[in-house]
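In the text below, chain A, chain B and the rest are named by the order of the sequence lines, each starting its count at 1.
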2 protein chains.
Amino acid sequence: MEDNSIVALLERHGVRPTANRILIVKALAAGRHPLSMRDLEIEIQSIDKSNIFRALTLFRERHMVHAVEDGDGATRYELCWSEDEDSDEDEHMHFFCEVCHRTFCLYDRHVPDVSLPEGYRVSSVNCLVKGVCPACGRKRKC
Amino acid sequence: MEDNSIVALLERHGVRPTANRILIVKALAAGRHPLSMRDLEIEIQSIDKSNIFRALTLFRERHMVHAVEDGDGATRYELCWSEDEDSDEDEHMHFFCEVCHRTFCLYDRHVPDVSLPEGYRVSSVNCLVKGVCPACGRKRKC
DNA sequence: GTTTATGCAAATTCTTTGCAATACT
DNA sequence: AGTATTGCAAAGAATTTGCATAAAC
């Protein structure tokens with residue numbers, strides 16, 4: 001993802017495009033998996049974790065990223081690609097491998113469309129499948 | 001839930017029915033929501049958290065409880081009611097209220113049946129809906 | 001008597017906040 | 001000047017481990 005479009009993305013969500021924030025978005029866009037705070041800390045050594053945390057919090061408020069429970073205690077973050085700025089329509093399921101502890105996006109599996117009884121307001125749906133990924137499955141058997 | 005059936009449940013899963021474990025299962029059975037370690041610590045003051053933790057870990061290994069991400073950092077636990085001892089067939093969705101931070105069971109909403117491509121082994125599906133519960137929704141509007 | 005379970009203390013990990021310094025408008 | 005952003009340090013919360021004692025088989 002290019003700097004130009006990252007700046008545009010940030011501004012579209014009302015976030016000032018500082019150098020740090022651009023780095024964080026770039027890392028999120030580059031990773032094929034949702035990234036945890038720890039991943040980002042390691043990836044971008046130049047930024048303090050408190051700042052990464054505050055950036056992610058802001059991004060989340062502005063619906064620029066959403067949070068994914070990683071099945072392993074920590075929270076992971078991924079960019080929203082939805083057209084709609086205020087909802088999280090593009091939500092897909094995730095797969096957590098219990099052996100290698102990686103989280104994959106199942107882009108072609110949408111989270112179910114949940115309609116709850118009168119009175120509930122739904123803001124997001126998180127769907128995490130746990131199991132063993134193909135790579136780890138092979139290793140085990142051989 | 002009576003002590004007899006708790007003992008039977010534990011033994012069915014190959015877990016020795018100690019006094020502490022019976023207390024923990026009883027608490028899990030009594031709560032209408034999935035309980036966090038913290039909930040259990042408060043509920044059962046007599047047992048140390050490390051022991052609660054070890055009991056829950058064991059129960060999880062034996063498919064006697066399953067873990068639910070509570071949307072708020074901690075993990076919550078609930079008894080499996082499935083007939084099948086080794087899978088988590090009875091899984092239903094959960095609802096996390098972003099205002100009161102309570103987690104509810106949506107017993108009538110099953111998690112979707114996920115069939116993944118060749119190579120994946122699925123062991124469980126976690127589905128968490130976040131939003132505002134009826135009680136909090138009412139308070140806000142009035 | 002050997003294995004299993006427990007309590008206590010302490011280490012880890014992940015997240016969050018306070019505050020002073022810096023950068024931006 | 002005045003607001004927003006940042007780094008550093010430290011607090012908090014949730015989880016996990018080490019080890020010595022106690023209980024169960």
Inset, instruction - With sequence neighbours left out, write down each residue that passes side-chain hydrogen bond (donor to acceptor under 3.5 Å, both in side chains) with A:E98, or none if nothing qualifies. - result: B:S123

Which residues pass the side-chain contact (heavy atoms from CB on, under 4.5 Å) test with [X], not counting sequence neighbours?
X: A:E78; value: A:P34, A:H66, A:V68, A:H92, A:H94, A:C105
X: A:P134; value: A:R138, B:Y120
X: A:A29; value: A:M1, A:L79

Inset, instruction - Tell me, yes or no, whether the heavy-atom count around B:D113 atom CG, taken from other residues, nucleotides or ligands under 6.0 Å, exceeds 12. - result: no

d([atom1], [X]; [atom2], [N]) in whole Å:
X: A:I52; N: D:dT5; atom1: CD1; atom2: P; result: 16 Å
X: B:R54; N: D:dA23; atom1: CZ; atom2: P; result: 17 Å
X: B:K49; N: D:dA14; atom1: NZ; atom2: P; result: 10 Å
X: B:D72; N: D:dA14; atom1: CG; atom2: P; result: 8 Å
X: A:F59; N: D:dA4; atom1: CZ; atom2: P; result: 17 Å
X: A:E61; N: D:dA4; atom1: CD; atom2: P; result: 13 Å
X: A:N51; N: D:dA9; atom1: CG; atom2: C1'; result: 15 Å

Legend entry - First encountered from the 5' end of DNA chain D, between A:S50 and B:T75: A:S50

Inset, instruction - Evaluate the side-chain proximity of A:T75 to A:M37: yes if any heavy-atom separation is below 4.5 Å, no if none is. - result: no

Inset, instruction - Write out all pairs satisfying side-chain hydrogen bond (donor to acceptor under 3.5 Å, both in side chains) with one or both partners inside residues 14-32 of chain B, taking only residues at least two apart or from two chains. - result: B:D3-B:K26

Could you give the side-chain donor-acceptor pairs of residues 49-57 of chain B under 3.5 Å, partners two or more places apart or in another chain?
unit_1: B:S50; atom_1: OG; unit_2: B:D48; atom_2: OD2; d: 2.7
unit_1: B:S50; atom_1: OG; unit_2: B:R54; atom_2: NH2; d: 3.4
unit_1: B:T57; atom_1: OG1; unit_2: B:F53; atom_2: O; d: 2.8

Inset, instruction - Linking directly or through intermediates, with side-chain heavy atoms under 4.5 Å: list the remaining ILVMFWY members grouped with B:F96, chain and number order. - result: B:L128

Inset, instruction - Walking along DNA chain C from 5' to 3', note the first and the last nucleotide with an atom under 4.0 Å from a heavy atom of chain A, and give both. - result: C:dC14 to C:dC19

Legend entry - Sorted by number, the residues of residues 20-48 of chain A with heavy-atom contact under 4.0 Å to DNA chain C: A:M37, A:R38

